[in-house]
Trainee: 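One structure follows; several queries about it will come next.
In this chain, residues are counted from 1 in sequence order. Only heavy atoms go into these numbers, but all of them, side chains included; no hydrogens, no water, no symmetry mates. Note that the structure is predicted; figures quoted are calculated from it, not measured. Order of listing sets the numbers, starting from 1, for every ligand and every atom in it.
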Amino acid sequence: MKDGALGIFDSGVGGLTVVRAVQELLPSENIVYLGDTARVPYGSKSPETIRRFADEDARHLLGRDVKAIVVACNTATAHALPFLQKQYHIPVIGVIEAGVEAVLADRTAMRIGIIATRGTIASHAYQHALALRRTGMMIVEQSTPLLVPLIEENWLDHPATTMILQSYLQPMLDKGIDTLLLACTHYPLLVPLLKKMIGADVRIVDSASTCALHLRNELERLDMLASQDRQGILRIGLTDLSDQFEILARQFLHKSPPRIERVEL
Ligand code: DGL
């Protein structure tokens, strides 16, 4: 069991930001990644559809004998995590718990801005989880549906991206947020631009690196960390293939991806 692979899935290639963080922190783990590129985006779909897609993604990974599943998609975590955890007998870990823990790790964090897809914002999953654990917080949520297409176009430092971000963020900056939570696995790619725009006073928390930390703690607690000292292998399967996905995969992983195979769900 310990030496089985980790299954990680996302609606597309954004979850590769989580893969990169997991590879950095847990280099011995083998990883099977599934990106549902044929049906991306999930962020604009209904909760029922997201749950159905997430279930099919998880089933596919179970068929690959994974020891645990990471839902590397905020939208799927928001709408399907409890369902998947009930449905399957192996650990299923999402990104929301990790993001919440990372926000709360700073005891002074009281004014939180959250940006995410429409689906994640509509679930209020972050807001509820935060409000349950720390009282008196001001939480401002903003859906930012234009960001995923801009990132997928690689417009990471484009004037149009700056302008759109400005219009999304200004209302929460005006309210004096001290923390900006990037509640979408695509958004870590915008961190350099965000840092330039919002200055050093606002702390940026992203769900990719925090998810890797949360995963390590969970695997340690369950005594499921890979026991061998080896270089873990990454396999990537996508439900639709295009040259653009290869380019994006390199962007998200910060290195050339292994050969990507097309998979049927
Ligand atoms: N991966 C999704 C998330 O983290 C963003 C892309 C989508 O809408 O499917 O919410």
Side-chain angles (χ1 to χ4, degrees), residues 7-22 33-58 61 69-81 84 92-100 102 114-127 129 141-156 161 164-165 168 180-191 194 204-212 214-215 236-240 242 244-245 248-249 251-253 265:
I8 302 185
F9 80 83
D10 177 36
S11 55
V13 283
L16 290 173
T17 54
V18 175
V19 169
R20 180 158 66 87
V22 172
Y33 181 83
L34 169 66
D36 191 9
T37 45
R39 302 189 291 193
V40 69
Y42 285 9
S44 51
K45 307 233 164 39
S46 69
E48 296 72 36
T49 301
I50 295 164
R51 248 189 314 274
R52 178 161 57 84
F53 288 176
D55 191 32
E56 288 167 8
D57 298 336
L61 290 173
I69 292 178
V70 179
V71 184
C73 172
N74 283 265
T75 313
T77 303
H79 291 290
L81 188 71
L84 296 176
V92 184
I93 291 154
V95 273
I96 293 183
E97 188 59 30
V100 167
I114 302 173
I115 56 172
T117 64
R118 281 214 175 89
T120 302
I121 294 297
S123 76
H124 300 297
Y126 277 98
Q127 189 184 23
E141 297 181 296
Q142 174 66 55
S143 64
T144 48
L146 295 174
L147 298 185
V148 167
L150 287 167
I151 294 165
E152 298 215 334
E153 277 307 310
N154 205 14
W155 282 21
L156 303 179
T161 311
I164 288 166
L165 270 175
Y168 281 144
L180 176 65
L181 176 58
L182 310 185
C184 172
T185 45
H186 275 68
Y187 299 174
L189 270 73
L190 290 175
V191 167
L194 282 166
I204 298 176
V205 173
D206 84 70
S207 50
S209 47
T210 56
C211 176
H214 184 71
L215 173 67
I236 301 182
L238 300 180
T239 52
D240 186 45
S242 80
Q244 182 63 5
F245 289 136
L248 283 172
Q251 187 89 346
F252 282 95
L253 280 173
L265 296 184

Trainee: For atom 5 (C) of ligand 1, what is the nearest protein heavy atom, given as residue, atom name and distance?
Mentor: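 The answer is Cys184 SG, 3.5 Å.
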
Trainee: Return the minimal non-hydrogen interatomic distance between Leu81 and Ile93, and the atom names on each side.
Mentor: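 Scanning both residues, the minimum pair turns out to be CD1-C, 4.1 Å.
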
Trainee: Does any N or O atom in Ala72 lie less than 3.5 angstrom from one in ligand 1, N or O only?
Mentor: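 No; every N/O pair is 3.5 Å or more apart.
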
Trainee: Provide, to 0.1 Å, the distance between atom 10 (O) of ligand 1 and the closest protein heavy atom, together with that atom's residue and name.
Mentor: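 The closest heavy atom on the protein side is Thr75 OG1, 2.6 Å.
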
Trainee: Tell me the closest heavy-atom pair linking Ala78 and Ser123, and the distance in Å.
Mentor: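 So the two residues come closest at CB-OG, 3.4 Å.
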
Trainee: Identify the heavy atoms of Leu84 and Phe9 that sit nearest to each other, and give their distance.
Mentor: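 For Leu84 versus Phe9, the nearest heavy atoms are CD1-CZ, 4.1 Å.
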
Trainee: Pull out every atom of ligand 1 sitting under 4.0 Å from any heavy atom of Thr117, numbered as shown with elements.
Mentor: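 Going through ligand 1 atom by atom, the ones under 4.0 Å from Thr117 are 5 (C), 8 (O), 10 (O).
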
Trainee: Distance check, rounded to the nearest 0.5 Å: Ile114 atom CD1 versus Gln127 atom CD?
Mentor: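 If I round to the nearest 0.5 Å, the distance is 6.5 Å.
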
Trainee: Not counting sequence neighbours, which residues clear ring-ring contact (aromatic ring centres under 6.0 Å, His included) with Tyr42? List them please.
Mentor: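 Applying ring-ring contact (aromatic ring centres under 6.0 Å, His included) to Tyr42 gives Phe53.
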
Trainee: Only counting residues at least two apart or in another chain, list the ones meeting side-chain hydrogen bond (donor to acceptor under 3.5 Å, both in side chains) with Asp206.
Mentor: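 Only Ser209 meet the side-chain hydrogen bond (donor to acceptor under 3.5 Å, both in side chains) criterion with Asp206.
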
Trainee: Distance to 0.1 Å, residue and atom name: give those for the protein heavy atom nearest to atom 2 (C) of ligand 1.
Mentor: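 Sorting protein heavy atoms by distance from atom 2 (C) of ligand 1 puts Cys73 SG, 3.5 Å first.
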
Trainee: Looking at Ser11, which atoms of ligand 1 are within less than 4.0 Å of one of its heavy atoms?
Mentor: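 Matching atoms, with element in brackets: 1 (N), 2 (C), 6 (C), 7 (C), 9 (O).
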
Trainee: Kindly give the heavy-atom pair with the smallest separation between Ala72 and Val95, and that separation in Å.
Mentor: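 Reported closest heavy-atom pair: CA-CG1, 4.3 Å.
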
Trainee: For the 3.5 Å polar cut-off, considering only N or O atoms, please tell me whether His186 and ligand 1 meet it.
Mentor: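 For ligand 1, there is no N or O atom that lies under 3.5 Å from one belonging to His186.
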
Trainee: Do ligand 1 and Asn74 have nitrogen or oxygen atoms that lie under 3.5 Å from each other?
Mentor: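 Yes; at least one N/O pair falls below 3.5 Å.
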
Trainee: How long is the gap from CZ on Arg118 to CD on Gln142, to the nearest 0.5 Å?
Mentor: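 Answer for the CZ-CD pair, Arg118 versus Gln142, is 10.0 Å.
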
Trainee: Taking the non-hydrogen atoms of Gly14, is any one of them nearer than 4.0 angstrom to ligand 1?
Mentor: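 It does not, in that no heavy atom of Gly14 comes within the 4.0 Å cut-off of ligand 1.
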
Trainee: Answer side chain, backbone, both or neither: which part of Asp10 comes under 4.0 Å from ligand 1, heavy atoms only.
Mentor: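 Contact part for Asp10 vs ligand 1: side chain (C-beta onward).
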
Trainee: Enumerate the atoms of ligand 1 whose separation from the nearest heavy atom of Val40 is less than 4.0 angstrom.
Mentor: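 Ligand 1 atoms under the 4.0 Å threshold to Val40: 9 (O).
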
Trainee: Looking at Gly43, which atoms of ligand 1 are within less than 4.0 Å of one of its heavy atoms?
Mentor: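 Listed by number with element, the hits are 7 (C), 8 (O), 9 (O).
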
